[in-house]
Trainee: 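Please find one structure pasted underneath; my questions will follow.
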Amino acid sequence: MHWRGDRSGANDAGGSSLDENAAFNRFIVAFDGLLGRGSPDAPFSATDMQNFADFILQVTMPPNPVRALDNTLNSDQQAAGTSSPTRTG
């Protein structure tokens with residue numbers, strides 16, 4: 001989750017670096033500051049962060065607008081993927 005990888009579930013005893021929920025919850029350290037929250041606002045609680053994690057981990061990226069929804073390639077795309085450029089010089 002964290003761009004440097006230092007806030008992952010692997011930091012917990014017996015944790016896994018692939019545990020997205022644990023990684024998201026460890027991000028609470030920076031979350032308030034990134035949102036511009038501070039005194040007098042109350043910091044996010046662990047419950048708030050878990051509720052947000054439950055929501056955001058369900059969000060998926062939209063499909064690529066250039067690709068077909070079933071991820072098939074048209075003939076031009078297939079041809080481009082099978083040709084190999086040659087180098088000269």
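Each residue takes its place number in the sequence, starting with 1. Computed from a prediction, not measured in an experiment: that's the story for all the values here.
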Trainee: What is the distance from atom OG of S16 to atom CG of N21, rounded to the nearest 0.5 Å?
Mentor: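 Here the interatomic distance stands at 12.0 Å.
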
Trainee: Could you tell me the separation between the CD atom of E20 and the CG atom of N25, rounded to the nearest 0.5 Å?
Mentor: 12.0 Å

Trainee: Please round to the nearest 0.5 Å and tell me the distance separating atom CZ of F55 and atom CZ of F24.
Mentor: 9.5 Å

Trainee: Answer yes if M61 and V59 sit in the same cluster of Ile, Leu, Val, Met, Phe, Trp and Tyr residues linked by side chain heavy atoms under 4.5 Å apart, and no otherwise.
Mentor: no

Trainee: For residues F52 and F31, establish whether the separation of their ring centroids is below 6.0 Å.
Mentor: yes

Trainee: Is any side-chain heavy atom of Q77 closer than 4.5 Å to a side-chain heavy atom of T72?
Mentor: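 With C-beta onward as the side chain, the pair stays apart.
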
Trainee: Any salt bridge (Lys or Arg N to Asp or Glu O under 4.0 Å) pairs touching residues 50-64, not counting sequence neighbours?
Mentor: none

Trainee: Is the CD1 atom of I56 crowded by more than 12 outside heavy atoms at less than 6.0 Å?
Mentor: yes

Trainee: Identify the heavy atoms of L35 and F44 that sit nearest to each other, and give their distance.
Mentor: CD1-CE1, 3.6 Å

